[in-house]
Amino acid sequence: VQLQASGGGLVQAGGSLRLSCAASGRTFSSYAMGWFRQAPGKEREFVAAISWNGYSTYYADSVKGRFTISRDNAKKKVYLEMNSLKPEDTAVYYCAAGFGSRWSDEYEYAYWGQGTKVTVSS
């Protein structure tokens, strides 16, 4: 599976962005998908994940209620809708695909996109 993240940009605090992750390969619908982010000088951290069928989602406490993850298996895409953005959301956001069940663990994901940068100004 190859992943391509897009949709990042510069937004003011309180604004919204929608990230997309396009996948290639015939087995996309078999994978759980996750979003992670890495801020400058910090380790990569879990943001959100969704099951292969879209029925289950999981969020980091820091984004719960503000971010929504979704997927469209027919289009081979996963999305991250980000609302009420805060300066601390500034980071490079990565999408990832995996079969594991520990969705917040980056080592559960075998495939990674290249990242898309999100900058939230105060």
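All values derive from a computational prediction rather than experimental measurement.
- The closest donor-acceptor contact from the side chain of Tyr109 to the backbone of Trp103 lies under 3.5 Å.
- Annotation for Gly7 and Leu17: closest pair O-CD2, 3.8 Å, computed over non-hydrogen atoms.
- Panel note: side chain Asp72, backbone Lys75; a donor-acceptor pair is recorded below 3.5 Å.
- Both the sub-6.0 Å distance and the 45° axial angle are satisfied by Arg44 relative to the ring of Tyr94.
- Under a 3.5 Å cut-off, the side chain of Lys76 and the backbone N or O of Gly25 do form a donor-acceptor pair.
- A distance-only check finds no donor-acceptor pair linking the side chain of Ser16 to the backbone of Asn83 [under 3.5 Å].
- Of all the heavy atoms in Ser101 and Glu108, the pair that sits closest is N-OE1, 3.0 Å.
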CA sep, side-chain torsions, deciding dist, call: Gln4, Gln114, side chain to side chain contact (heavy atoms under 4.5 Å, CB included): CA-CA 6 Å; Gln4 179 80 32; Gln114 86 292 355; 3.2 Å; yes
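- A distance-only check finds no donor-acceptor pair linking the side chain of Asp105 to the backbone of Arg102 [under 3.5 Å].
- Residues Phe67 and Leu85 are in side-chain contact: their nearest non-hydrogen atoms beyond the backbone lie under 4.5 Å apart.
- Residues Tyr111 and Phe99 share a hydrophobic cluster, clusters being chains of Ile/Leu/Val/Met/Phe/Trp/Tyr side chains in contact below 4.5 Å.
- Under the 4.5 Å side-chain criterion, counting only non-hydrogen atoms from C-beta, Cys95 is not in contact with Trp112.
- When atom types are taken as modelled, the side chain of Thr119 and the backbone of Leu10 share no donor-acceptor pair closer than 3.5 angstrom.
- The OG1 atom of Thr68 sits 10.5 Å away from the CZ atom of Arg18 when rounded to the nearest 0.5 Å.
- Between Thr27 and Val1 there is a side-chain heavy-atom pair separated by less than 4.5 Å.
- Two residues are said to be in side-chain contact when any heavy atoms from C-beta on lie closer than 4.5 Å; Ile50 and Tyr55 fail this criterion.
- Atoms CD and CD, from Glu106 and Gln38 in turn, are 8.5 Å apart once rounded to the nearest 0.5 Å.
- Two residues are said to be in side-chain contact when any heavy atoms from C-beta on lie closer than 4.5 Å; Ile69 and Val78 meet this criterion.
- For Phe46 and Phe36, the distance between ring centers is under 6.0 angstrom.
- Criterion: ILVMFWY side-chain heavy atoms under 4.5 Å apart, direct or through other members. Under it, Tyr31 and Tyr58 are not part of a common hydrophobic cluster.
- One finds a salt bridge joining Asp61 and Lys64 here, because a Lys/Arg side-chain nitrogen approaches an Asp/Glu carboxylate oxygen to under 4.0 Å.
- Each disulfide (SG to SG under 2.5 Å) pair with one or both residues in residues 49-86, not counting sequence neighbours, would appear here, but there are none.
- Considering only heavy atoms from C-beta on, Val47 comes within 4.5 Å of Leu80 through its side chain.
- Geometrically, Arg71 does not engage Trp52 in a cation-pi contact defined by less than 6.0 Å to the ring centre and at most 45° from the axis.
- The environment of Glu88 atom CD is dense: over 12 non-hydrogen atoms of other residues, nucleotides or ligands sit within 6.0 angstrom.
- Atoms CZ and OG1, from Arg37 and Thr116 in turn, are 14.0 Å apart once rounded to the nearest 0.5 Å.
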Derivation of the side chain to side chain contact (heavy atoms under 4.5 Å, CB included) call for Asp89 and Arg66: CA-CA 11 Å; Asp89 294 318; Arg66 300 188 298 122; 2.7 Å; yes
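- In this structure the side chain of Leu19 reaches within 4.5 angstrom of the side chain of Met82, judged on heavy atoms.
- A donor-acceptor pair under 3.5 Å is absent between the side-chain atoms of Ser56 and the main chain of Ser51, judged by distance alone.
- Neither Phe28 nor Tyr79 shares a network with the other; the hydrophobic side chains, linked directly or stepwise wherever heavy atoms of I, L, V, M, F, W or Y lie under 4.5 Å apart, form separate groups for each.
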